[in-house]
Amino acid sequence: MDYDFRKIESKWQSFWAEKGTFKCEADPSKPKFYVLDMFPYPSGAGLHVGHPLGYIASDIFSRYKRLKGFNVLHPMGYDAFGLPAEQYAIQTGQHPEVTTEKNIARYREQMDRIGFSYDWDREVRTCDPAYYKWTQWAFLKMFGSWYDNSVQKARPIEELVAAFETGGSKAVDAACTEHDPFSADDWKAFSEKEKSDMLMNYRIAYQGETAVNWCAGLGTVLANDEVKDGLSVRGGFPVEQKKMKQWQLRVSAYAGRLLDGLEKIDWTDSLKEMQRNWIGKSNGCEVVFKCYNGDQEHDVTIFTTRVDTVFGVTFMVLAPESDLVQVLTTEGQKAEVEEYLALVKKKTERERIAETKTVSGVFSGSYGVNPLTGERVPVWISEYVLAGYGTGAIMAVPAHDSRDYVFAKKFNLPIVPIIEGCDVSEESFDAKEGKMVNSGFLDGLDVKDAIPAAIDYVEKHGLGHRKVNYRLRDAIFSRQRYWGEPFPIYYKDGIPTPVPFEDLPLTLPEIDEFKPTEAGEPPLARAKDWTYNGYPLETSTMPGFAGSSAYYLRYMDPHNGNALVDKDVDAYWRDVDLYIGGTEHATGHLIYSRFWNKFLFDLGYVCEDEPFRKLINQGMIQGRSNFVYRIVGTNTFVSYGLKDGYQTTEIHVDINIVRNDKLDIEAFKAWRPEFADAEFILEDGEYVCGWAVEKMSKSMFNVVNPDNICDDYGADTLRLYEMFLGPLEQSKPWDTKGIDGVNRFLKKFWRLFFDGDELAVTDEKATPEELKVLHKLIGKEEYDIEHFSFNTTVSAFMIALNELGALKCRKREILEPMTVLLSPFAPHIAEELWSLLGHGESISYASFPVFNPALAADDSVKYPVSFNGKMRFTVELPKSMSPAEVEAAVRGMEQTARWVADKTIVKVIVVPGRIVNIVVK
RNA sequence: GCGGGUGUGUUGGAAUUGGUAGACAAGCCAGACUUAGGAUCUGGUGCUUCGGCGUAUGGGUUCGAGUCCCUUCACCCGCACCA
């Protein structure tokens with residue numbers, strides 16, 4: 001009987017859907033396992049073969065865990081709010097919901113063909129009001145909370161108000177936006193509006209004036225991770241800095257916990273490192289410099305990680321955006337400073353990035369006094385100091401900081417080295433090593449000792465204090481767009497007020513056009529009656545990461561109308577055991593999600609403070625493009641090997657008309673009218689194409705659609721092949737060349753069960769040799785899957801099949817467990833064979849075969865070896881060795897024992913004539 | 001510039017963690033069966049002057065190194081004036 005994958009695959013896919021094979025429920029009697037994929041944004045282009053790579057891996061793992069007796073939660077959904085659908089809507093007038101719906105249907109169709117074991121009853125869509133009700137709910141919880149630094153935890157805002165009433169702003173140590181202190185009496189005297197404004201400085205979801213990435217092309221602000229090289233990631237429009245009032249999330253309050261939490265989760269080092277850099281913790285010190293604008297005295301606080309270099313300070317620098325610039329600019333320098341500020345403002349973010357090597361700045365006219373030396377140093381203004389980090393002001397030590405050095409060189413400022421023997425004539429000496437000189441009480445100390453000594457001194461003399469700074473900024477949470485979650489906030493007499501929980505979800509209003517208004521307001525301002533109880537509602541919407549920050553929690557309990565997730569249900573599923581997705585979310589979704597989860601944890605809504613226990617980043621699948629070479633000025637194409645003899649233009653050619661790099665000439669002529677009468681210079685009668693690895697994209701004609709692979713080879717082949725391609729975490733080009741190999745494997749496996757059209761499986765007892773093949777495979781598969789080495793598992797199947805073929809084995813005792821082993825990888829064929837073997841139930845309910853190491857082991861006999869009469873080793877030798885060979889091996893071992901005499905040998909494996917493996921414990 | 005990673009046949013990649021390098025595939029070569037083959041089956045395939053030599057480069061540790069340490073080179077990814 002032939003292996004008819006088309007029939008088999010559609011048969012079992014409908015069987016699983018009808019029987020609800022992969023439905024799961026919380027069941028405290030079984031151990032849980034939660035396997036999650038990063039849900040996709042349903043784009044109009046559909047899936048290409050790169051997308052399912054991670055999904056296949058997670059599906060294999062899920063099916064494996066089910067066979068191992070776990071209650072597996074394996075859901076899928078859609079990150080359905082987003083810019084492309086909205087852009088499309090602006091161009092065509094088509095409602096984003098319609099486009100999104102259509103794309104989702106297409107994605108679902110493509111995913112279904114691959115045979116995933118998702119519990120589709122748990123599907124979520126971020127754009128579904130029943131879902132985003134809980135996004136809005138979480139936002140309101142953040143609006144109604146503040147962060148208490150003293151207990152490192154979010155608390156209800158009412159508790160903050162109570163503290164203000166008794167002790168004013170000094171009563172709490174809270175994460176807050178800077179503001180003037182106030183007393184309890186001040187607080188009581190505040191108007192409603194003033195109270196509201198003050199609380200905004202404390203709320204975890206708050207409104208604040210901030211410099212944002214404004215993208216005029218898209219008419220909206222963007223998060224830092226949505227901008228690359230001064231251009232928007234989506235669309236590639238220029239992005240500029242602009243000060244605007246925006247909703248923000250106080251992620252920075254969680255910086256320390258986000259950093260520490262990395263210690264206890266199982267992610268790759270590179271990903272953790274990326275997050276560490278993004279959070280950017282630096283231990284340092286704030287020091288106050290008294291500065292003088294003529295006679296006027298002003299305190300300027302600077303942040304430094306190198307207080308030890310304070311004796312080398314020769315000038316100070318302020319960020320152009322710093323409030324101190326106005327205060328410290330003298331009359332005489334005013335014109336020059338203003339000219340400089342205007343210049344800085346005009347520059348786009350993009351230019352600032354491009355010009356990091358050039359140095360600019362202006363003298364303020366004021367002088368500061370070094371609090372340790374009493375020395376007078378000039379105060380400069382330069383854009384190399386950032387307003388958003390530290391205090392927006394620095395002390396400059398040109399001898400030991402490369403940026404200060406470049407600046408000092410340019411403006412002829414003194415450079416004073418304070419580390420013994422360093423040469424600063426060409427560049428600064430930034431290393432944290434050497435002995436201090438010219439540094440008063442620090443002289444003679446090593447740098448690593450001087451740093452703490454200097455901090456102690458500064459603190460003791462009241463000149464400053466220890467300070468930890470983080471690079472991580474608060475997340476900007478407003479987008480001036482239509483296709484996102486509306487904020488459940490209305491403005492009552494100008495005071496932002498939450499829409500009550502019972503009135504959620506606040507659904508998106510219908511509007512006729514999806515563009516910003518002529519007045520530059522967000523699209524929601526176009527809505528007819530966008531009010532709540534007669535008060536105007538917020539018109540911006542939430543960003544993409546809002547809906548994806550807690551979706552893994554909603555999957556646990558997707559239909560619950562009363563809570564994001566039921567407490568008992570959450571207590572069962574707890575966290576994601578295995579999360580598979582791309583590395584591109586390292587500093588976006590994966591930070592926000594951890595923050596969001598920690599917030600919900602603080603309020604007691606979830607029981608784990610880290611959401612993703614283990615995370616695997618699957619590599620990208622790149623495209624493999626093909627080229628033809630047209631001789632310049634002709635319509636003649638020369639084969640790859642001969643092209644060097646001509647002047648040619650390289651042209652992308654559709655990979656669907658190339659096979660194994662040989663061009664299908666007739667198809668090529670039919671491909672484009674201009675190639676209809678093309679001529680060819682062939683080598684060995686064939687046209688060989690050139691190739692290159694590039695991003696998979698339509699414009700390079702190298703997109704491979706999984707549907708085509710399913711048509712030609714079947715889903716099981718696709719699944720096996722994607723795994724066989726190489727290690728999961730590595731990026732690799734898609735190359736269809738090797739696919740025949742895995743397809744052949746499945747055909748051979750199928751044929752093993754048949755003799756002609758008859759099932760030929762026998763009930764004979766298996767031999768030790770056959771059992772060895774089976775158990776080697778079980779051991780290998782268990783080990784490999786647990787280590788996410790799926791490519792080697794596929795190889796192991798091929799080896800086992802070759803060995804069984806050599807043994808001519810068709811025994812049920814072997815083939816039945818083999819089928820179960822194969823089922824996570826190639827579920828359709830396994831299911832079909834399983835049923836042909838006479839089983840009524842789905843193979844998904846079978847058990848993973850029990851591994852018996854004794855059956856898998858090579859036959860060997862242990863021989864004792866003595867050395868100097870005092871030590872005994874055991875040598876394991878193959879049973880098949882002749883007595884003479886054994887004698888030789890043991891004698892060889894006695895000689896070898898010379899160099900291992902001081903170690904404890906546990907086991908020595910020898911192959912004829914040669915010592916191979918000595919295990920030392 | 002800083003941080004992380006990778007480097008093995010013609011190609012994708014194995015090597016159970018320091019123990020027979022190149023498993024398993026692809027490609028190629030030869031043969032069988034075929035009207036035909038993008039079907040099936042069998043055998044071969046790192047280089048070699050047949051002594052050996054081989055895991056980017058040069059050194060080191062070890063009885064033993066693809067694996068551990070140092071040098072250099074190449075490529076990939078992330079961050080990029082973060083004081």
Side-chain angles (χ1 to χ4, degrees), chain A residues 2 229 268-278 280-282 284-285 302-307 309 317 319 352-353 355-359 382-386 388-397 400-404 406-407 430 469-473 583-584 586-587 617 619-620 624 659-662 691 712 721 724-727 729-745 747-748 751 776 779-780 783-784 787 789 791-802 805 895-900 908-920:
Chain A
D2 279 342
D229 301 331
T268 59
D269 289 337
S270 70
L271 195 70
K272 285 186 183 180
E273 206 50 39
M274 253 190 251
Q275 291 214 339
R276 281 192 197 106
N277 290 340
W278 193 259
K281 181 176 183 170
S282 51
C285 188
I302 59 95
F303 174 76
T304 179
T305 53
R306 294 292 303 275
V307 227
T309 61
V317 189
R352 270 177 103 157
I353 288 165
E355 291 171 18
T356 51
K357 294 284 173 285
T358 63
V359 187
S382 172
E383 59 180 338
Y384 88 87
V385 173
L386 305 176
Y389 184 75
T391 60
I394 62 154
M395 64 177 208
V397 186
H400 303 293
D401 182 290
S402 50
R403 296 153 302 178
D404 297 346
V406 175
F407 193 82
D430 292 13
N469 259 332
Y470 294 97
R471 252 188 59 182
L472 186 71
R473 312 288 166 81
T583 181
E584 67 272 18
T587 53
N617 292 121
M620 284 234 289
R624 189 178 185 282
R659 193 178 172 84
N660 288 341
D661 291 335
K662 311 277 168 38
W691 60 275
D712 294 349
Y721 186 57
F724 188 64
L725 219 43
E729 292 170 82
Q730 224 171 70
S731 283
K732 56 234 157 186
W734 178 267
D735 187 348
T736 319
K737 262 186 185 171
I739 201 164
D740 292 319
V742 286
N743 189 237
R744 226 168 267 158
F745 160 75
K747 283 194 249 182
K748 280 193 224 168
R751 275 202 301 269
K776 261 163 62 186
K780 178 84 177 153
Y783 182 89
D784 282 353
H787 290 82
S789 178
N791 56 329
T792 52
T793 320
V794 178
S795 300
F797 273 110
M798 293 177 176
I799 296 167
L801 185 66
N802 289 345
Q895 284 162 18
T896 316
R898 171 178 54 82
W899 46 260
V900 287
V908 180
I909 296 172
V910 179
V911 295
R914 190 159 183 186
I915 291 162
V916 184
N917 187 8
I918 298 175
V919 182
V920 182

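For the numbers below, each heavy atom of this structure counts, side chains included, while hydrogens, waters and symmetry mates do not. What you see is a predicted model; the values in this text were computed from it and never measured.
- The phosphate of B:A25 (OP1 or OP2) has a side-chain N or O of A:Asn802 nearer than 4.0 angstrom.
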Could you list the protein-to-nucleotides 14-17 of chain B atom pairs, N/O on both sides, closer than 3.5 Å?
unit_1: B:A14; atom_1: OP1; unit_2: A:Asn791; atom_2: ND2; d: 3.0

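- Side-chain proximity of A:Arg751 to B:U40, B:A83, B:G13: nearest is B:U40.
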Practice prompt. Give RNA chain B the dot-bracket treatment, 5' to 3': Watson-Crick (N1-N3 with N6-O4 or O6-N4) or G-U (N1-O2, O6-N3) under 3.5 Å, [ ] crossing, | other strand.
Written response: (((((((..(((......[....)))((((((.......))))))((....))..(.(((..]....))).))))))))....
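- When the side-chain nitrogen and oxygen atoms of A:Arg744 are compared with OP1 and OP2 of B:C41, none of them lie within a distance under 4.0 Å.
- With a glycosidic angle no more than 90° from 0, B:U17 adopts the syn conformation.
- Nucleotide B:G51 is shown with a syn base, its glycosidic torsion being within 90° of 0.
- For the P atom pair drawn from B:U72 and B:G18, the interatomic distance equals 25 Å after rounding to whole Å.
- Nucleic acid contact for A:Lys748: sugar-phosphate only, since backbone atoms but no base atoms lie under 4.0 Å from a heavy atom of the residue.
- In this entry the base of B:G9 is syn relative to its sugar, with a glycosidic angle within 90° of 0.
- Side-chain atoms of A:Asn469 never come within 3.5 Å of backbone atoms of A:Gly284 as a donor-acceptor pair (strictly under, hydrogens ignored).
- Taking the C1' atom of each, B:U35 and B:C50 are spaced 47 Å apart, rounded to whole Å.
- Distance noted for atom C1' between B:C47 and B:G9: 9 Å (whole Å).
- Within 4.0 Å of A:Arg624, counting heavy atoms only, lies no atom of the nucleic acid at all.
- Remark: the separation of the P atoms in B:G43 and B:A25 is 12 Å, to the nearest Å.
- For A:Lys732 (side chain) and A:Pro727 (main-chain N/O), a donor-acceptor pair under 3.5 Å exists by modelled atom type.
- As rounded to the nearest Å, B:U61 and B:A80 have C1' atoms that lie 38 Å from one another.
- Distances shown here put every side-chain N or O of A:Ser731 at or beyond 4.0 Å from the OP1 or OP2 atom of B:C77.
- Between B:A83 and A:Tyr384, no contact under 4.0 Å exists linking OP1 or OP2 to a side-chain N or O.
- The nearest pair of heavy atoms linking A:Leu271 to A:Ala586 is CD1-CB, 3.3 Å.
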Practice prompt. Carefully, step by step, assess A:Met798 and A:Val742 under the rule side chain to side chain contact (heavy atoms under 4.5 Å, CB included).
Written response: CA-CA 8 Å; A:Met798 293 177 176; A:Val742 286; 3.4 Å; yes
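- Taking atom C1' in both B:U71 and B:G60, the straight-line distance is 11 Å, to the nearest Å.
- An OP1 or OP2 oxygen of B:C2 is reached within less than 4.0 angstrom by no side-chain nitrogen or oxygen of A:Arg471.
- Side-chain N or O atoms of A:Ser789 include none that pairs as donor or acceptor with a backbone N or O of A:Asp784 at under 3.5 Å.
- For the atom pair CZ (A:Arg744) and CD1 (A:Ile739), the distance works out to 11.5 Å, reported to the nearest 0.5 Å.
- A residue-by-residue look at A:Glu273 and A:Ile799 shows that A:Glu273 has its nearest nucleotide of RNA chain B further toward the 5' end.
- For B:G59 and B:U10, the P atoms lie 23 Å apart once the distance is rounded to whole Å.
- Within 4.0 Å of A:Asn469, counting heavy atoms only, lies no atom of the nucleic acid at all.
- Not one side-chain nitrogen or oxygen of A:Lys737 sits closer than 4.0 Å to the OP1 or OP2 atom of B:U11.
- Contacts of A:Phe724 with the nucleic acid, taken as non-hydrogen atoms under 4.0 Å apart, include base atoms.
- Across the C1' atoms, B:U55 and B:A74 are found 16 Å apart, a figure rounded to whole Å.
- Contact annotation: the side chain of A:Phe797 approaches that of A:Thr793 to within less than 4.5 Å [non-hydrogen atoms, C-beta and beyond].
- Heavy-atom nearest nucleotides on RNA chain B were determined for A:Gly738 and for A:Ser795, and the one closer to the 5' end corresponds to A:Ser795.
- Among the atoms of the strands shown, base atoms are found under 4.0 Å from some heavy atom of A:Ile394.
- Taking the six-membered ring where the residue is Trp, A:Tyr721 and A:Trp734 present perpendicular rings, their angle passing 60° and hence far from 30°.
- Between the side chains of A:Asp404 and A:Tyr384, at least one donor N or O sits under 3.5 Å from an acceptor N or O.
- How far CE of A:Met620 is from OG1 of A:Thr583: 10.0 Å, rounded to the nearest 0.5 Å.
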